[in-house]
Amino acid sequence: MAKSKIDQANDIAVERMMSARPILTGIATARDVIPNMEDNLLLHAGPPVEWEQMSGPMQGAVIGGLIFEGLVDNETDAVSMVEAGEVKFAPCHEHSSVGPMAGVTTASMKVYEVTNTTHGNVAYSNLNEGYGKVLRYGAFSDDVITKLRWMNDVLAPVLSEALVKSENGIDVRQLLSESLHMGDEGHNRNKAGSILYTAKLAPMVTKLAIDSDIASEALQFLADNALSVLNPVMAACKSMADAAHGVDGSTLMTIMARNGTELGIRISGLGDKWFTGPVGQPDGLYFPGFTAEDASGDIGDSTITETVGIGGFAMASAPAIVAFVSGTPQDAINATMEMYEITVSEHSHFTIPALNFRGTPVGVDIRKVVELGITPRINTGIAHRDAGVGQVGAGLVRPPMNVFEDALVSYAEHYGLV
Amino acid sequence: MTKVTGEIRSGAYFDSVVLMQLQKGMLELDGVLDAGVMMGTQANKDVLEQSGLLPNSCRIAVAEDLIIAVKADSVSQASAALKHVDVLLNKRKTITDDQEFRPRSLDMAVRTLPNSQWVIVSVPGRYAAGVAREALGFDKNVFLYSDNVSVEDEVSLKTLAADKGLLVMGPDCGTAVIDGVGLGFANQSQSGSVGIVAASGTGLQALTVTIDNLGSGITHAIGTGGRDLNQQVGGITSRQALDVLNRDTNTKVIILTSKPISSRSAMELMQVLHALEKPVVVNFLGYAPPAYQIDNVFFASTLREAAELAIELCDKLDFSTNIKSDSQKKFASSQRYIRGLFSGGTLAYETLLVLRAFTTGIYSNIPIDESYKLDDHASSHKHTIIDMGEDEFTIGRLHPMIDSDLRLRRFQQEAADPETAVILLDVVLGYGSHSNPAAELAPIISEAKSLARRSGRYLEVVVLVIGTANDPQDVVAQTNILRKAGAHIETNADEAAIYVGNIISGLNTTSKASLRPVVLDSSGQSLAAINVGLESFYESLIRQGAEAIHVDWQPPAQGKDNLMDLLAKMKS
């Protein structure tokens with residue numbers, strides 16, 4: 001593969017990534033919509049991982065998922081069920097899905113359906129539980145399960161109805177374009193996006209809810225959670241990234257995801273092969289009472305945002321959260337500038353006011369990563385190392401360099417360069 | 001008991017200024033007696049070893065490794081110092097925290113400063129050619145400070161640059177001044193009318209300083225790198241630089257300086273110089289100049305002399321070179337060569353020396369360059385200068401100054417050769433010489449000329465006459481006879497050679513692919529440069545008010561060879 005051929009393939013891939021138009025059209029049960037979903041299958045964040053290797057939050061989320069699913073009543077039974085080999089695990093990414101943090105998604109869970117109307121592919125993500133003790137951080141106590149059930153049985157139907165009745169669904173790309181101009185970067189900061197999302201749903205929710213109490217509860221739940229929109233955003237990003245996957249000869253990264261133990265990437269021109277390496281420890285700010293000692297290894301599929309050119313790549317849009325990386329607004333600009341070094345294009349829809357409306361850096365080229373020794377910047381929440389404690393901070397992390405080097409070597413072998 | 005300890009950091013790259021600051025910072029720590037922070041090249045390891053700063057653990061370091069070694073009063077103080085390295089490195093980072101983004105790639109730098117014309121490269125030699133090639137790919141001129149660049153890379157870079165109408169100054173180019181802005185090491189000098197081309201960094205600096213001290217100034221001072229005039233490189237950059245200055249309207253006089261170069265390179269270069277429209281002052285250290293002046297080319301033996309002469313020439317506004325071709329003379333297309341038939345060896349040799357300014361490849365029985373030794377002294381080949389006073393011609397006969405028989409026959413032989421354009425002869429008068437050489441020569445000259453005319457050729461005959469009015473033969477009378485026969489008369493060997501040289505260079509203008517012109521000041525835009533490597537070069541540019549951007553360069557693929565190879569394949 002000569003340079004011009006690779007460049008051409010990457011141009012096609014990034015163009016597909018940018019022209020994908022993700023529309024949130026509804027909410028459905030995972031079992032009914034996610035490809036090859038099974039009752040005893042648990043989807044999780046990141047690349048494939050076995051039970052023994054799972055981090056604390058991941059194991060906790062698995063236990064909670066089995067309890068939620070009604071397959072077991074308690075932790076002990078859950079562990080024996082897993083150890084008896086009665087539970088199958090697979091990455092969300094291998095089932096057109098993504099999930100934040102542990103990302104555990106089970107057959108009965110309600111999931112957002114986001115359709116890329118440009119290329120026709122669909123992506124899924126579970127519903128965001130808000131802050132505190134939540135499944136995605138590995139919590140599985142009764143109140144966690146109760147909340148999940150309320151979301152599945154009360155919230156999801158209302159939202160689903162609202163989405164179905166709203167004529168064209170919600171254009172998530174357009175929502176992101178707007179929220180990036182309101183101080184979000186789409187990964188760690190989704191405050192503006194969540195407000196926009198709530199505002200778009202509110203009229204229909206109030207109209208369609210069985211009673212005003214339910215309408216009020218649902219809207220309150222969305223409005224209280226500055227991450228409400230994160231999951232539909234992630235599904236939208238997944239639909240964009242999938243559109244760019246499978247372009248022959250392309251060196252673009254189309255997946256980057258972490259399971260708490262390993263980080264894995266996939267390359268557009270290298271099919272289903274994962275390239276994995278140990279996750280890093282995020283460098284950031286901790287909530288009172290917590291330190292870096294408490295942090296779990298980097299975890300979650302939310303790096304799908306960086307994969308398509310937002311999140312850490314759009315840091316210049318979100319000066320408000322530079323404190324997470326103990327920096328200054330100039331640092332936020334520099335963070336985005338650095339990502340232009342390893343990307344092949346500037347986004348035609350996501351722009352940054354502080355950079356004179358320059359498009360965000362999009363389309364990570366593994367050649368550039370390896371050559372310059374610059375890995376993608378990831379803005380991330382930090383999970384507690386123990387199951388169920390929850391989020392302990394937020395900050396910046398980078399993937400291990402070896403995944404890009406391995407991918408480059410594999411590319412060279414695949415395309416006969418060695 | 002003092003203790004030396006150290007560590008290796010693989011694939012870490014810092015510029016030497018940072019390392020020196022780091023070393024200094026470590027010396028200030030408690031109990032530290034000495035510290036060494038260097039990249040692990042053999043030369044650096046030797047330096048560390050001599051200072052007793054190379055612990056066994058660091059001997060395996062290679063060029064891409066950073067060695068940090070400390071000598072301290074105790075083990076604990078030494079290891080505390082090592083632990084402090086990161087603090088010192090980070091301290092530097094926090095000072096620059098609020099600075100503008102510094103690109104890591106040339107690509108990004110070019111996008112940030114698209115109007116830049118120059119890329120200044122001072123990365124380690126192993127990577128320098130790659131960066132320079134990338135810069136040329138972006139259509140930028142290159143100032144290549146790095147050394148340890150192979151001559152093969154130099155040739156390929158310069159050839160590529162010449163094709164694109166770009167300059168590569170270097171490798172190992174320490175200094176240049178473009179539009180008044182110094183690149184690399186340079187002195188602040190005023191602007192003026194002298195342009196400089198230098199294959200020597202300190203030579204260039206000394207010239208600019210001397211010219212400044214004398215109250216004058218320069219236009220551009222272009223460095224070429226020390227190897228540019230070597231046979232392998234063939235003076236690619238020097239030729240381009242001379243062409244730039246020749247076209248530059250502000251440059252009135254050009255100085256060319258170099259460390260010793262081969263006589264063949266000098267010879268080839270002389271023709272380039274001679275073809276320029278402006279006066280050129282040449283200072284080749286250790287090279288014997290053929291004359292003080294050959295047309296527009298002046299020779300100075302020291303830098304100061306070169307500077308003074310150049311300034312003096314700037315004031316000679318009416319300077320014009322000799323007429324280089326005479327359209328009156330109708331040479332046939334076959335006529336290209338000079339044939340010199342000398343009775344005096346020194347006169348022949350001086351002619352050879354001066355003619356170097358006009359042509360290469362003069363064959364002789366006494367050549368300057370042994371590869372132009374005449375195979376057969378009895379027959380000429382292309383340009384030929386023969387000393388007929390040499391042994392092979394005088395066996396069994398008198399010296400040609402007395403017995404001209406052999407020379408006259410040779411003259412007829414040369415005149416009959418359709419390739420001959422000019423015949424140059426010397427006639428040395430005085431006591432002991434032939435009593436009337438002109439009388440013997442004249443009929444043969446006129447006969448040869450009319451024979452040529454009848455065959456559609458024009459034969460130029462130049463006679464160098466050495467003699468005084470009081471000599472027995474009377475120089476005036478002899479000269480008149482020869483003139484009447486159609487000969488052109490000269491009385492000094494160098495002038496005769498210049499006269500002849502101009503004719504033959506006119507007849508041998510090889511249609512060499514003309515240089516693609518290099519444009520240094522595109523539409524009057526001031527200098528803007530991208531600096532890759534030593535940060536101090538960037539700071540100097542900023543201090544001079546030039547537009548500049550510094551690339552925070554790191555070795556590609558963290559210096560891993562296998563990955564660099566793969567990337568090279570994927571980038572070609």
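A note on names: the letters A, B, ... follow the listed sequences, proteins ahead of strands, and every chain is numbered from 1. Basis for what follows: all heavy atoms, side chains included, without hydrogens, waters or symmetry-related copies. Predicted model only: the values in this text are computed from it and were never measured.
Of the possible polar contacts, none joining the A/Lys3 side chain to the B/Met570 backbone as a donor-acceptor pair under 3.5 Å is found.
By the 4.5 Å heavy-atom criterion applied to side chains, A/Glu371 and B/Lys571 are counted as neighbours. Annotation: side chain of B/Leu566 is not in contact with side chain of A/Val370 (no heavy-atom distance under 4.5 Å).
Contacts between residues 105-116 of chain B and chain A, counted as heavy-atom pairs separated by less than 4.5 Å, involve B/Ser105, B/Asp107, B/Met108, B/Arg111. Among the residues in residues 340-356 of chain A, those with a non-hydrogen atom closer than 4.5 angstrom to a non-hydrogen atom of chain B are A/Tyr340, A/Glu341, A/Glu346. Residues from residues 401-408 of chain A that place a non-hydrogen atom less than 4.5 Å from a non-hydrogen atom of chain B comprise A/Met401, A/Glu405, A/Leu408, given in numerical order.
With sequence neighbours left out, B/Asp552 forms a side-chain contact (heavy atoms from CB on, under 4.5 Å) with B/Arg102, B/Arg104, B/Gln554.
In this structure, no portion of A/Val369 lies under 4.5 Å from any heavy atom of chain B. Using a 4.5 Å cut-off between heavy atoms, A/Thr251 contacts chain B through its side chain alone, with no backbone atom that close.
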Between B/Asp565 and A/Val418, is the side-chain contact (heavy atoms from CB on, under 4.5 Å) condition met? List the steps.
CA-CA 10 Å; B/Asp565 288 349; A/Val418 281; over 6 Å; no
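Nearest approach of A/Gln330 to B/Phe101, heavy atoms of both residues: NE2-N, 4.0 Å.
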